[in-house]
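A quick write-up on the structure given underneath.
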Amino acid sequence: MCKGLAALPQTCLERAKEIKTKLGTLLQKPENAIDILIPYPEKPEKKPDKKPEKKPEKLQKPTPVEALQWRESLEKVLMNSYGLASFRSFLRSEFSEENIEFWVACEDFKKTKSPVKMAAKAKKIYEEFIQTEAPREVNIDHFTKDVTLKNLVGLSPATFDLAQKRIFALMEKDSFGRFLRKAMMTVLHLRCTDLI
């Protein structure tokens with residue numbers, strides 16, 4: 001292994017190997033390209049001594065009309081379970097998956113009714129995504145962090161709204177255009193290979 005790669009964390013090396021394998025598969029079998037771009041959810045691991053987890057929602061491939069509507073806005077992509085999975089996969093390939101995970105966690109938080117569950121989820125979201133040196137820290141400014149910290153005192157469904165809006169804007173401005181270009185290039189590639 002070269003000296004430069006030895007300095008990288010093991011998780012980065014493993015992820016690079018996964019990407020290399022997926023790209024090799026894509027080059028060998030273009031008909032499988034859509035499954036690489038838009039993965040199906042993996043089976044959840046069974047955890048002993050806990051309630052059985054719900055089965056993951058089956059992803060319905062969008063109709064061509066629905067897929068074309070994704071070009072209109074990031075909101076349209078995120079409202080569709082298949083679009084969300086596609087965008088999540090794309091962000092994972094760009095090593096910025098924490099943004100969509102934070103956004104999804106905030107959406108889940110907003111739907112929570114129980115104050116006890118709300119407090120537990122708020123703590124988890126803050127510790128995982130917002131606090132300085134968090135394991136999956138999202139890129140938000142200090143003002144937004146301060147406002148969010150103050151909002152944690154009086155929990156409400158709107159506690160993370162400002163931070164969530166900032167991350168949504170970041171994804172929309174930074175990643176969404178590249179996501180659309182990649183999706184369009186994949187479709188064009190698949191159509192070209194069908195003609196051959």
Side-chain angles (χ1 to χ4, degrees), residues 4-19 39 41-54 56-57 73-81 83-179 182:
L5 290 177
L8 290 173
Q10 186 63 29
T11 55
C12 289
L13 294 173
E14 290 169 4
R15 184 73 181 129
K17 286 179 185 176
E18 287 176 26
I19 292 170
E42 297 174 13
K43 292 182 180 176
E45 295 177 23
K46 295 210 174 192
K47 297 178 184 176
D49 302 322
K50 289 197 175 184
K51 295 182 209 172
E53 291 186 23
K54 295 178 185 175
E57 176 185 328
S73 71
L74 179 56
E75 287 174 338
K76 297 238 184 210
V77 172
L78 300 180
M79 288 181 350
N80 180 289
S81 61
L84 177 61
S86 302
F87 192 63
R88 179 180 278 145
S89 176
F90 173 76
L91 289 180
R92 188 176 300 129
S93 75
E94 289 204 330
F95 302 100
S96 59
E97 180 181 15
E98 68 278 357
N99 292 330
I100 193 65
E101 295 301 334
F102 172 71
W103 187 87
V104 168
C106 291
E107 287 297 300
D108 180 54
F109 176 80
K110 288 177 185 177
K111 296 173 187 168
T112 306
K113 302 292 182 209
S114 163
V116 174
K117 287 182 181 179
M118 189 178 267
K121 286 182 180 183
K123 182 179 188 286
K124 183 179 180 194
I125 291 170
Y126 184 79
E127 289 175 351
E128 189 171 343
F129 298 105
I130 295 181
Q131 79 180 10
T132 306
E133 301 297 321
R136 299 166 71 185
E137 185 176 4
V138 291
N139 187 11
I140 54 175
D141 58 272
H142 289 288
F143 173 76
T144 304
K145 279 187 183 187
D146 292 342
V147 168
T148 304
L149 186 57
K150 288 175 185 168
N151 288 346
L152 288 171
V153 175
L155 286 178
S156 76
T159 298
F160 295 102
D161 277 1
L162 180 60
Q164 186 184 21
K165 286 176 186 170
R166 298 268 202 254
I167 293 302
F168 182 87
L170 178 69
M171 291 188 300
E172 191 172 45
K173 182 184 112 191
D174 204 38
S175 305
F176 184 55
R178 289 192 303 274
F179 166 73
K182 182 177 179 178

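We count residues from 1, following the sequence as given.
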* **Test: Glu107 and Lys111 ion pair at under 4.0 Å** => no
* **CG (Asp108) with more than 12 external heavy atoms under 6.0 Å** => yes
* Asked: Which value, rounded to the nearest 0.5 Å, describes the distance between Leu84 atom CG and Ser86 atom OG?
  -> 8.5 Å
* To do: Write down the atom of Asn80, the atom of Gly83, and the distance for their closest heavy-atom approach.
  => OD1-N, 2.9 Å
* State whether a side-chain donor-acceptor pair under 3.5 Å links Lys145 with Gln131. => no
* Worked verdict on Arg88 versus Val104 for side-chain contact (heavy atoms from CB on, under 4.5 Å) -> CA-CA 10 Å; Arg88 179 180 278 145; Val104 168; 3.5 Å; yes
* **Exercise: identify the closest heavy-atom pair between Ala122 and Leu155** => CB-CD2, 3.6 Å
* Lys/Arg-Asp/Glu bridge criterion (N-O < 4.0 Å) met for Lys123, Glu128 -> no
* Pairs involving residues 108-142, ordered by first then second residue, that meet ring pair (Phe, Tyr, Trp, His ring centres under 6.0 Å) (sequence neighbours left out) -> Phe102-Phe129, Phe109-Phe160
* Candidate list Asp141, Thr148, Asn139, Asp161, test side-chain hydrogen bond (donor to acceptor under 3.5 Å, both in side chains), partner Arg166, passing option -> Asp141
* To do: Check the surroundings of atom CD in Glu127: do more than 12 heavy atoms from other residues, nucleotides or ligands lie under 6.0 Å from it?
  => yes
* CG-OG distance between Leu74 and Ser175, expressed to the nearest 0.5 angstrom -> 9.0 Å
* Describe, in one word, how the ring planes of Phe87 and Phe179 are oriented to each other, choosing from parallel (under 30°), tilted (30 to 60°) and perpendicular (over 60°). => perpendicular
* Go through Ile100 and Met171 one step at a time and tell me if the side-chain contact (heavy atoms from CB on, under 4.5 Å) criterion holds. => CA-CA 8 Å; Ile100 193 65; Met171 291 188 300; 4.2 Å; yes
* Asked: How long is the gap from CZ on Arg136 to CD on Glu98, to the nearest 0.5 Å?
  -> 7.5 Å
* To do: Please answer whether the main-chain N or O of Ser114 pairs with a side-chain N or O of Thr112 as donor and acceptor at a distance below 3.5 Å.
  => no
* Structure fact -> On a heavy-atom basis, the closest approach of Ala105 and Ile125 is O-CD1, 3.6 Å
* Quick check: does any side chain N or O of Glu101 sit under 3.5 Å from a backbone N or O of Glu97, one acting as donor and the other as acceptor? -> no
* To do: Check the pair Leu170, Asn99 against side-chain contact (heavy atoms from CB on, under 4.5 Å), reporting the backbone distance first and the verdict last.
  => CA-CA 9 Å; Leu170 178 69; Asn99 292 330; 4.1 Å; yes
* **Exercise: identify the closest heavy-atom pair between Ile140 and Ala163** => CD1-CB, 4.2 Å
* Output the distance between atom NZ (Lys165) and atom SG (Cys106), rounded to the nearest 0.5 Å. => 11.5 Å
